Amino acid sequence: VLLLKIRATRSCRGISLKTQELYALVFICRYLDLFYSYISLYNTVMKVTYLATAFSIVRYMRFDKVVRQTYDKEQDTFRYIFLIAPCALLALVLNHRFSPTEVLWTFSIYLEAVAILPQLVLMQRTQNIDNLTANYVALLGAYRGFYILNWIYRFATEKHYRQWIVWISGVAQTALYADFFYYYALCWKANQRLQLPA
Amino acid sequence: SRSAAAKDEL
């Protein structure tokens, strides 16, 4: 959705490069297992797709002659370190196994939960949030939210399916969107363009 | 491993 928006409008107005780069980092850390494990064709295709789209978005925002001029660097002020450092620390302490790949995987789970924050902060500062941006954020929130339903199903049907790190992170990630979803639903009902209160 | 089950998720 985001790539379509950027390509169609030749603009990344209202999009946080910080959030996009954090997602690229999340996918790198999580999908290292592309090199040493195979689950299914679907799984592999989606992992490669996520990596490719994340990097393509970052490339457009940083290097495309036209698109990069629409990036509002002054407003996108969230500091990487405030998200990366606590997640790295937590991953070192709270993990299933203390190995490089497992710690990086756990780090990616924690980081994904909070990676939307720069985007949410940027949107709060944006007067006119365009529909594609609002829809993109809503879809991103719904994506992990729908996982919760799947986790409940798997918990009920699969033995040994206990995933506290993933579950708590996923619920926290979805909760971060609660406020956004509230205003998104209000504006959608009133058929108005999304506006977040300052 | 306890974490193996989640590795089929994206």
Side-chain angles (χ1 to χ4, degrees), chain A residues 23 26-27 30-34 36-51 53-54 91 94-99 101-109 112 140 143-144 146-151 153-155 157-170 173, chain B:
Chain A
Y23 271 112
V26 162
F27 296 143
R30 189 173 309 167
Y31 301 152
L32 285 173
D33 65 353
L34 275 171
Y36 60 86
S37 82
Y38 177 81
I39 290 146
S40 64
L41 179 64
Y42 169 80
N43 189 276
T44 301
V45 168
M46 291 312 283
K47 280 173 177 168
V48 173
T49 304
Y50 287 180
L51 280 164
T53 50
L94 257 174
N95 55 59
H96 288 304
R97 195 161 41 87
F98 196 75
S99 71
T101 50
E102 187 67 23
V103 169
L104 284 172
W105 180 85
T106 312
F107 168 69
S108 83
I109 297 289
E112 188 200 324
L140 206 57
Y143 171 73
R144 197 54 64 186
F146 278 118
Y147 258 94
I148 296 171
L149 299 177
N150 183 251
W151 294 332
Y153 173 77
R154 290 189 71 176
F155 181 78
T157 56
E158 284 176 38
K159 272 185 185 175
H160 313 299
Y161 185 67
R162 285 181 173 47
Q163 298 296 335
W164 300 114
I165 288 175
V166 173
W167 292 346
I168 292 168
S169 306
Q173 180 172 343
Chain B
S1 131
R2 271 193 303 159
S3 57
K7 296 289 164 46
D8 58 1
E9 294 178 349
L10 290 161

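Since this is a predicted model, take the numbers as computed values, not measurements.
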Are there more than 12 heavy atoms of other residues, nucleotides or ligands under 6.0 Å from atom OH of Tyr36(A)?
yes
Here the pair of heavy atoms bringing Tyr31(A) nearest to Leu10(B) is OH-C, 3.3 Å
In plain terms, say whether Lys7(B) and Glu102(A) are close enough for a salt bridge, that is, a side-chain N and a carboxylate O under 4.0 Å apart.
yes
Residues pairing under salt bridge (charged side-chain N to carboxylate O under 4.0 Å, His left out) where one sits in residues 37-46 of chain A, two or more places apart or in two chains, turn out to be none
Exceeds 12 heavy-atom contacts within 6.0 angstrom, atom OH of Tyr38(A) | yes
Here the pair of heavy atoms bringing Asn43(A) nearest to Asp8(B) is ND2-O, 3.1 Å
If one checks every heavy atom of Tyr50(A) against chain B at 4.5 Å, the contacting part turns out to be side chain
The ring-ring contact (aromatic ring centres under 6.0 Å, His included) partners of Tyr143(A) (sequence neighbours excluded) come to Tyr147(A)
